[in-house]
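Below is one structure, written out as structure tokens, with a few remarks after it.
So that the names make sense, note that chain A is the first sequence line, chain B the second, and so on, each numbered from 1.
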Amino acid sequence: MLDHGTPEHAVHDPIESLRHRMRHSAAHVMADAVLQLFPEAKVGIGPPTADGFYYDFDVAQPFTPEDLERIESLMLDTIRSNAPFVREELSRDSAKAMFDSQPYKQEIIDDLPDETTLSIYRHGEFTDLCQGPHLDNTGEITAVKLLNVAGAYWRGDENRPMLQRIYGTAWESQQELEAHLERLAEAERRDHRTLGRQLNLFTVHEEIGPGLIVWHPRGGIMRSLIEDYWRDIHYRRGYSIVYSPHIGRARLWQTSGHLDFYRDSMYAPMQIDEQEYFLKPMNCPFHIQVYRSALRSYRELPLRIAELGTVYRYERSGVLHGLMRVRGFTQDDAHIFCLPDQVEAEVGDVLDLTFEIMSAFGFEDYDIMLSTRPEKYVGEPEMWDHATESLRQALVSRDLPYGMDDGGGAFYGPKIDIKIKDALGRDWQCTTVQFDFNLPERFDLVFQDDQGNRSRPYMVHRAILGSLERFFGVLVEHYAGAFPLWLAPLQAAVIPIADRHNEYAEQVAAQLRDAGFRVEVDDRSERMNQKIRQAQLQKTPYMLVVGDREADADAAAVRTRDGDNHGAMPLADVIAMLSAELDGTPAAR
RNA sequence: GCCGAUGUAGCUCAGCCGGAAGAGCAGCGGUUUCGUAAACCGCAGGUCAAGGGUUCGAGUCCCUUCAUCGGCUCCA
């Protein structure tokens, strides 16, 4: 997950400023090397990124890994030569002339506003159109490494040519570079797709179809724990939970407008009794039917209708990714229908609920974004302003820092998106709170107000976990598969030392099960070491080793997955210890 | 969808210049009964992603399709 673009504040932090200049300079040195090896290459742009840099090239043949090695080696030569970076300003005409063999540079020059001062940076024989800033000399690039190459559209436009983008990273010291590479390796070790297989949580099958998830027993128990907690807290917060079908007639999607502007992302219709039915890509129209099933009074509002609703969307083949981007997924969806003066409190309640739920799953860091009215929109500007202000107030009154995405709202309403930060500091989009000024119109939603008039309610979509699939994938990576006790699919493995201890092991397991714990006995005819290894690899929180000594004392030797051996403990103490660990979690008893 | 790479046993992977499909782990059968991260012996396991082509001969070369991976674009 590379986060492109360097945040404003980065330029003011001395270390970030140095990295920014170093990476930008490394990009130039890389382009220099590429042009030495491939003189016919046309260059695109080469900016620094949040943790590295890239440069785009138009070349006849895509780069190979061997090319990258040659490029990197030439870069090291340039760095050793310690060539100075020299800035020059020049006129538009001379810039056009200087880059006359570089069509992409021509385009950049043409698109720059007239008042822009054009500048170039040179080092050695290489010159690039560039604002800077750069290091003083190539020799100041301390630690650099090229990572990979991939296609990228010129200017991010899929109708423009596809260039070859080489990614690299640069750091102020070899240690920092190695630490970064170690972070990448750690992220790979935590990959939920790998852990999902190793821990037997879920699979995806070519025979079933891409982007369609099969939850295995171990993933299944975790999902039901998540769902149970979710339902419980939603009931307590005044939500009503409903169920709705997976398909609906074309007419429904016609009314909702989905067939007009979302059809490309919907699964093709099926013909039943000469009627077209579509798999649902969203739950909204169904919840709206719940709302419309009666003439609503203002006394009933706010009405909060929630569902763990499974939807299907045709996502383009190249975007699918494990559990993070799938074609069939379950949203923890809810729609809130309310009065204008209830809006702010409702949004605030959603925020509070979000932080309570996320905190229960161990997520404490958030990145909040408020998105406002785009150029194309539906609804009245006054309603947009009111809704946007209530979103903002809900954030401000809770002292929540947030960023603005001006014009980044959906066409039907402003929204707040919340990203959670995982254990490796990576952001994941989960929560969204969106106003909708479109569907209430289309479905002609009304309520009877206290004057006896029919009024239009506000409608708010919200999902907290987002999709259960994605959230589960994030959980796996956040904990690297070592889930907290309350979520662990298997909480304790009872390990008999020899076959003659199997019977006692079963008694131990039975007592723990009676106390409400998920326990299995490993009664294979294997050595204890092997059983411990197995439990370790499965990241089972507790291993209860039982042999002659424990059987005689109604005890178990407790080992935790961090490798600590806590010695023999009476079973009652073991149960008390595990119960204490559940205090303060959704599984507290 | 686009660019590139990949697809061999349940899993992870080897298989050279086109000439008789391999290993480890897992599984199964036996032996072993063990004190905190892998006991020993044996057995079985394959339409080499699918389809087409070139060739005396294809896991290997070519084409198409499917899927996966890394990116891009997209993500009401």
Does a nitrogen or oxygen in the side chain of A:Y314 sit under 4.0 Å from OP1 or OP2 of B:G1?
-> yes
Face-on cation placement of A:R165 at A:Y54 ring, 6.0 Å and 45° thresholds | yes
How long is the line joining CZ of A:R160 and C1' of B:C74, in whole Å?
-> 18 Å
Could you check whether the rings of A:H216 and A:H205 sit parallel, tilted or perpendicular, using 30° and 60° as the cut-offs?
-> parallel
Distance between the P atoms of B:A14 and B:C75, in whole angstroms?
-> 38 Å
Looking only at atom P, what distance separates B:G51 and B:A9, rounded to whole Å?
-> 16 Å
Quick one: on RNA chain B, does A:R197 or A:Q434 contact a more 5' nucleotide (nearest heavy atom)?
-> A:R197
Would you say the side chains of A:Q538 and A:T540 form a donor-acceptor pair under 3.5 Å?
-> no
Can you see which heavy atom on A:D260 is nearest to which on A:Q254, and at what distance?
-> OD1-NE2, 3.7 Å
For A:F63, answer base if it contacts any base atom (sugar-phosphate contacts may also be present), sugar-phosphate if it contacts only those atoms, and nothing otherwise; contact means non-hydrogen atoms under 4.0 Å.
-> nothing
Could you check which of B:G1, B:A39, B:U36 has an atom nearest any side-chain atom of A:R559?
-> B:U36
To the nearest angstrom, how far is A:I497 atom CD1 from B:A39 atom P?
-> 14 Å
If the C1' atom of B:C16 is compared with that of B:G53, how far apart are they to the nearest Å?
-> 25 Å
When the P atoms of B:U8 and B:C61 are considered, how many whole Å apart are they?
-> 15 Å
NA contact type, A:A557, heavy-atom cut-off 4.0 Å: base, sugar-phosphate, or nothing?
-> base
Going by the angle between their ring planes, with limits at 30° and 60°, are A:F483 and A:F472 parallel, tilted or perpendicular?
-> parallel
Parallel, tilted or perpendicular: ring planes of A:F57 versus A:F63, cut at 30 and 60 degrees | perpendicular
Remember a base hit wins even if backbone is also touched, and classify A:H501 as base, sugar-phosphate or nothing at under 4.0 Å, heavy atoms.
-> nothing
Worked verdict on A:R559 versus A:Q536 for side-chain hydrogen bond (donor to acceptor under 3.5 Å, both in side chains) = CA-CA 10 Å; A:R559 177 189 164 107; A:Q536 284 287 152; 2.9 Å; yes
What's the closest nucleotide to the A:R316 side chain, out of B:G1, B:C72, B:G35?
-> B:G1
When rounded to whole Å, the CZ to P distance for the pair A:R193 and B:C69 reads 5 Å
Between B:G45 and B:A26 - C1' atom distance, rounded Å = 11 Å
Contact nearer the 5' end of RNA chain B, comparing A:S317 with A:K415 | A:S317
Does RNA chain B take part in any stems of at least 3 consecutive Watson-Crick or G-U pairs (both distances under 3.5 Å), and if so, which ones?
-> B:1-7 with B:66-72, B:10-13 with B:22-25, B:27-31 with B:39-43, B:49-53 with B:61-65
A:N565 side chain, from C-beta outward: closest of B:C72, B:U36, B:G7 | B:U36
Sticking with atom P, work out how far B:G10 lies from B:A50, rounded to a whole angstrom.
-> 13 Å
Determine the contact category for A:M282: base if any of its heavy atoms lies under 4.0 Å from a base atom, sugar-phosphate if only primed atoms, P, OP1 or OP2 are that close, otherwise nothing.
-> base
Assess A:K280 against A:F286: is NZ or CZ under 6.0 Å from the centre of the six-membered ring, and within 45 degrees of the ring's axis?
-> yes
Side-chain contact check for A:P210: nearest option of B:C34, B:U68, B:G71 is B:U68
For atom CG of A:D499 and atom C1' of B:U32, their distance in whole Å | 10 Å
Pick the C1' atom in B:U36 and in B:C69, then give their distance to the nearest Å.
-> 38 Å
Would you please confirm or rule out a distance under 4.0 Å between OP1 or OP2 of B:U33 and any side-chain N or O of A:R500?
-> no
Examine the base of B:U36 for any acceptor or donor lying under 3.5 Å from a partner atom in the side chain of A:R533, and report the outcome as yes or no.
-> no
Look at all strands and tell whether A:G318 reaches a base, only sugar-phosphate, or nothing, counting heavy atoms closer than 4.0 Å.
-> base
Provide, to the nearest angstrom, the distance between the CG atom belonging to A:L163 and the P atom belonging to B:G4.
-> 13 Å
Contact class for A:N148 (heavy atom, under 4.0 Å): base, sugar-phosphate, or nothing?
-> sugar-phosphate
When rounded to whole Å, the CD to C1' distance for the pair A:Q198 and B:A38 reads 16 Å
Base B:C75 paired with A:R325 side chain (donor-acceptor, <3.5 Å) = yes
Any idea how A:Y312 and A:H246 line up, ring-wise: parallel (<30°), tilted (30 to 60°), or perpendicular (>60°)?
-> tilted
Check every atom of B:U32, B:A67, B:G35 against the side chain of A:D548 and return the nucleotide holding the closest atom.
-> B:G35
Hey, is the side chain of A:N529 pairing donor to acceptor with the base of B:U36 inside 3.5 Å?
-> no
With heavy atoms under 4.0 Å as the rule, sort A:L537 into base, sugar-phosphate or nothing.
-> base
Might you point out which heavy atoms bring A:A250 and A:F278 nearest each other, and give the distance in Å?
-> CB-CE1, 3.8 Å
Looking at the side chain of A:Y153, which of B:A38, B:G1, B:C34 is the nearest nucleotide?
-> B:G1
Please give, in whole Å, the distance from B:C3 C1' to A:N159 CG?
-> 15 Å
Between B:A39, B:G1, B:G35, which nucleotide has the shortest distance from any of its atoms to the side chain of A:E158?
-> B:G1
Same-atom distance (C1') from B:A38 to B:G24, integer angstrom = 12 Å
Across the strands shown, which category fits A:T432 at heavy-atom distances under 4.0 angstrom: base, sugar-phosphate, nothing?
-> nothing
Return the value, rounded to whole Å, for the distance between atom CD of A:E188 and atom P of B:G71.
-> 10 Å
Any N or O donor-acceptor pair linking the side chain of A:Q164 to the base of B:G71 at under 3.5 Å?
-> no
